[in-house]
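Structure record follows, encoded as structure tokens.
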Amino acid sequence: MPAGHAPLALVGKVGRRDEVVAACSGAQALGIHRGMAATHARALVSDLDFRPAEPEADAALLDRLALLAVRRWSPIAAVTPSDGLWLDLAGCDHLHGGEERFCRRLLAFCRRAGFTGRVAVADTAGAAHALARFGRDDLILVAPQATVAALAPLPIAALRLAPSTLAAARKFGFERIADLLPVARGPLARRLGLAAITRLDQALSAVAEPITPRADAEVPMAERRLLEPIVTAEAIAQVMADLLHELAGVLQERGLGARLLRLTGLRVDGNEQVVAIGTSRPTREVPPLLRLLKLRIERIDPGLGLEQFWLIAPHTEPLDAIELGAVLAGETLVRDPARLVDVIAGRIGPHAVFRIAAVESHVPERAVARSDPNRVPGNWPGWQRPVRLFARPEPLHRVIALMPDQPPRRFEWRGRTYKVVAGDGPERIHGEWWRRDAEVWAVRDYYRVEDEEGGRYWVFRRGDGFQDDTGDLSWWMHGVFG
């Protein structure tokens, strides 16, 4: 509360009387609490600043925060039944530097926005809800499989129970969640009701509590609700095709192409199955996208059946019309490798498909880099380089060579002896002195050699044979020709 500001309390209509629904820390220090009658609060603190509560405005603000979370932090975010947000960090926490770092950034965001935030991360939504509101610290991270120990000392009000259930719990002497754990479910249900058992099981992950995410209206989406659950791969593939045709129409209307698609299937037991595909270029063509989605069917566990599907495109890019003038004129159209790249990446992983591009560097291992497989690399220099260049040179042993500039006549590599019958060189390469001091005087003399079995290799010697500062005269294997 700012200095010089009167204690603030929000008053709302609860039943037939006006009650305090929220109070600042200054008002709470003066004895004002939630649920107190407004007349009693005014009599207790004469200069109390009363303002009407606006639950609709609060709900709208939480909805905007949930939409912000969907766009910036996690694709699954929803407003809790009370004043808070649920974020599903599964599979996306590494994008924000881990759970702890993300939570601290989230608290900093709340402070900048003028909110008081409390964050808890747990295995279940119910546990996170309880710890965020009744835990001791503003930031609580519960280790996996430690939910029971974290919830045990909390009051039973943390389970989101109805007031009548809380009154019954006090009557039977239940004060903390730890008091409920050893009691059998049957007697506990007779005393507190089935709703209390459900909330307890949800917090302990014995009963699923799916989060209905806040849908971003700006994100292209297609949805299907099925009359009967499906479990076969053929039925799932048919649903994928129907969703893709519908989503392609939405993308075409907006002039967009998809770079990422995420398919979510809701099982009859409440669990969700999520698979995703990515494309190297924006597209809205159904056949290649369907081919990529079908590669993910084996990762879907239908359980007792899938009854609802969502297909969204969280990452899109503008996609204009395709120029077909050259095709109509009879010219040869260069095929786009993006489809082939997407199929291969879908099978072996996106990081396993790449092109090699030239980099401006004198040092051979720095002169190449991985690049986008769909981007044609620039011109290569005219230097003769081996087909297979090792990322790190490998040492050679028992080398016989005439100094100072003759290729080796014999060497051992990987436990085998090689006898050289022909050689060419040297090609002298100096170190890049601007990178580090060790390369100021570094020299490599490269040779192309051929052994008696026809193998051709690229070897080098460190040093020029005259100055000790240029290298230790050791021999290294750096590549193999075709």
Side-chain angles (χ1 to χ4, degrees), residues 10 12 21-25 34 53-144 147 150-151 154-155 157-161 198-199 202-205 207-219 221 262 264 266 270-272 274 310 312 314:
L10 300 181
V21 296
C24 68
S25 56
R34 184 176 180 179
E54 300 179 359
E56 295 82 6
D58 295 339
L61 176 60
L62 285 174
D63 184 71
R64 291 198 298 271
L65 288 175
L67 182 59
L68 175 65
V70 170
R71 293 176 177 176
R72 293 183 55 183
W73 300 323
S74 171
I76 301 179
V79 179
T80 65
S82 56
D83 53 346
L85 295 177
W86 270 324
L87 301 179
D88 189 352
L89 298 181
C92 63
D93 57 303
H94 65 283
L95 301 176
H96 307 285
E99 291 181 351
E100 183 175 359
R101 183 179 180 184
F102 170 72
C103 292
R104 296 194 182 281
R105 292 174 59 187
L106 193 59
L107 289 174
F109 167 80
C110 292
R111 288 192 294 268
R112 291 194 303 269
F115 301 120
T116 300
R118 291 172 60 87
V119 180
V121 178
D123 290 341
T124 63
H129 185 282
L131 292 166
R133 287 158 178 77
F134 294 88
R136 295 183 178 180
D137 302 323
D138 292 341
L139 174 57
I140 300 176
L141 301 176
V142 181
T147 305
L151 292 177
L154 300 183
L159 296 177
R160 297 171 288 164
L161 302 179
T198 301
R199 289 300 189 191
Q202 288 175 343
L204 300 179
S205 71
V207 173
E209 184 180 7
I211 299 176
T212 302
R214 168 62 164 89
D216 187 357
E218 296 183 3
V219 175
M221 181 182 68
R262 184 169 60 249
T264 303
L266 180 63
N271 290 324
E272 293 182 349
V274 182
W310 299 272
I312 66 174

In short, Val70 meets Ala77 closest at the heavy-atom pair CG2-CB, 3.8 Å
In this structure, CG of Leu107 is separated from CZ of Phe102 (nearest 0.5 Å) by 10.0 Å
Closest non-hydrogen contact found for Leu266 with Glu272 is CD1-CG, 3.9 Å
Residues Gly12 and Val21: closest non-hydrogen pair is N-CG1, 3.9 Å
Residue pair Thr147, Ser205: steps toward the side chain to side chain contact (heavy atoms under 4.5 Å, CB included) verdict:
CA-CA 9 Å; Thr147 305; Ser205 71; over 6 Å; no
Here the gap from Leu154 atom CG to Phe134 atom CZ, rounded to the nearest 0.5 Å, amounts to 8.0 Å
Quick one: does Ile76's side chain get under 4.5 Å of Leu87's, heavy atoms only? no
Do the non-hydrogen side-chain atoms of Val79 and Arg214 ever get within less than 4.5 Å of each other? no
Legend entry - Expected output: side-chain Thr264 to main-chain Val274 donor-acceptor under 3.5 Å: no
CG (Leu161) and OG1 (Thr198) are apart, to the nearest 0.5 Å, by 10.5 Å
Closest non-hydrogen atoms of Ile312 and Pro314, given as atom of the first, atom of the second and distance, are O-CD, 3.3 Å
Practice item. Taking only Lys NZ, Arg NE, NH1 and NH2, and the carboxylate oxygens of Asp or Glu, determine whether Arg105 and Glu100 approach each other closer than 4.0 Å. Key: no
Distance col, row Thr80:OG1 vs His129:NE2, nearest 0.5 angstrom, shows 4.5 Å
Sorted by chain and residue number, the side chain to side chain contact (heavy atoms under 4.5 Å, CB included) partners of Ala108 (sequence neighbours excluded) come out as Arg111, Arg112
Shortest non-hydrogen pair, Ala150 vs Leu131, comes out as O-CD2, 3.6 Å
In this structure, CG of Leu65 is separated from SG of Cys110 (nearest 0.5 Å) by 7.5 Å
Output a table of donor-acceptor pairs, distance under 3.5 Å, between side-chain atoms of residues 114-125 and any protein atom two or more places apart or on a different chain; print 'none' if there are none.
from, atom 1, to, atom 2, distance (Å)
Arg118, NE, Ala132, O, 2.6
Arg118, NH1, Asp138, OD1, 3.1
Arg118, NH2, Gly135, O, 2.5
Arg118, NH2, Asp137, O, 3.2
Asp123, OD2, Gln145, N, 3.1
Thr124, OG1, Ala127, N, 3.1
Thr124, OG1, Ala203, O, 2.8

In this structure, CG of Leu106 is separated from CH2 of Trp73 (nearest 0.5 Å) by 5.0 Å
Charged N to carboxylate O under 4.0 angstrom, Glu209 versus Arg160?
yes
